[in-house]
Amino acid sequence: MTKTALMLARLAGALTLAIGAAHAFGVAGLLQIHMITGTVLVLALWALVFTGYRAAPKLAMLGFTWGLLLPAFGIFQLRLLPGDYHWTMQLLHLLIGLGAMAQAERLGGAIKRREAAAA
């Protein structure tokens with residue numbers, strides 16, 4: 001379960017980054033796909049959260065909260081700071097997405113360390 005969730009988080013994160021970059025540079029019709037892959041990233045992160053709660057409870061709570069923040073910010077970013085400085089909101093959304101990917105990696109590592117210690 002852990003390996004699958006981690007690989008899914010990696011794949012969804014990479015796709016979401018690539019599709020989001022293409023959307024930001026004007027390739028039309030990619031926003032829905034970006035949202036779908038982003039949702040898969042969050043769901044994979046949450047799978048790691050629930051699997052890794054015993055291994056790292058504080059990290060799991062942070063990952064769960066991060067998973068709430070990412071789509072919420074993505075949905076509302078268009079309303080935040082419109083105009084010439086909207087790029088700052090896009091950059092912040094990118095950083096939150098990268099943070100979600102980092103949370104998934106950290107949780108995966110904590111789960112692996114706990115499993116190795118138990119064996």
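Just so we're clear, the structure is a prediction, and the values are computed from it rather than from any experiment. Nothing fancy with the numbering, it's 1 onward along the sequence.
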> To the nearest 0.5 Å, what is the distance between CG (Leu45) and CG (Leu107)?
Replying inline: 6.5 Å

>> Out of the candidates Thr2, Leu43, Leu59, only one should pair with Leu48 under the side-chain contact (heavy atoms from CB on, under 4.5 Å) rule; please name it.
In response: Thr2

> For the atom pair CG (Leu68) and CZ (Phe73), what is the distance rounded to the nearest 0.5 Å?
Replying inline: 15.0 Å

> If Ile, Leu, Val, Met, Phe, Trp and Tyr residues are connected whenever their side-chain heavy atoms lie under 4.5 Å apart, and connections chain through other members, are Ile36 and Leu31 in the same group?
Replying inline: no

> Distance from Met35 atom CE to Ile19 atom CD1, nearest 0.5 Å?
Replying inline: 12.5 Å

> Which pair of non-hydrogen atoms, one from Ala55 and one from Ala110, has the smallest distance, and what is that distance?
Replying inline: CB-O, 3.7 Å

>> Using every non-hydrogen atom in the two residues, find where Ala12 and Leu41 come nearest and quote the distance to one decimal.
In response: CB-N, 3.7 Å

> In Å and rounded to the nearest 0.5 Å, what is the CG to CG distance from Leu95 to Leu70?
Replying inline: 11.5 Å

>> For Arg10, is the CZ atom crowded, meaning more than 12 foreign heavy atoms sit under 6.0 Å from it?
In response: yes

> Closest approach of Phe64 and Trp46, non-hydrogen atoms and distance?
Replying inline: O-NE1, 3.2 Å

> His23 versus Ile33: any side-chain heavy-atom pair under 4.5 Å?
Replying inline: no

> When rounded to the nearest 0.5 angstrom, what distance separates CG in Leu92 from NE2 in His86?
Replying inline: 10.5 Å

> Is it the case that one hydrophobic cluster holds both Leu69 and Leu17, taking links as side-chain heavy atoms less than 4.5 Å apart, direct or via other members?
Replying inline: yes

> With under 30° as parallel and over 60° as perpendicular, where do the rings of His93 and His34 fit, or are they tilted in between?
Replying inline: perpendicular

> Do the side chains of Ile96 and Val49 join up, straight or via other hydrophobic residues, at under 4.5 Å, putting them in one cluster?
Replying inline: yes

> Taking the side chain as C-beta and beyond, is there a heavy-atom pair between Leu98 and Met101 under 4.5 Å?
Replying inline: yes

> Under a 4.5 Å side-chain heavy-atom rule over Ile, Leu, Val, Met, Phe, Trp and Tyr, are Leu78 and Leu81 clustered together?
Replying inline: no

> Can you name the nearest heavy-atom pair linking Ala44 to Ala5, along with the distance?
Replying inline: CB-O, 3.6 Å

>> Quick check: is Trp66 connected to Met89 through a chain of hydrophobic side chains (ILVMFWY, heavy atoms under 4.5 Å apart)?
In response: yes

> Do Leu30 and Val27 have side-chain heavy atoms sitting under 4.5 Å apart?
Replying inline: yes

>> Taking OH in Tyr53 as the centre, count heavy atoms belonging to other residues, nucleotides or ligands within less than 6.0 Å. Is the count above 12?
In response: no

> Once you round to the nearest 0.5 Å, how far does CD1 of Ile111 lie from CZ of Arg106?
Replying inline: 12.5 Å

> Do the side chains of Val42 and Pro71 get nearer than 4.5 Å, heavy atoms only?
Replying inline: yes

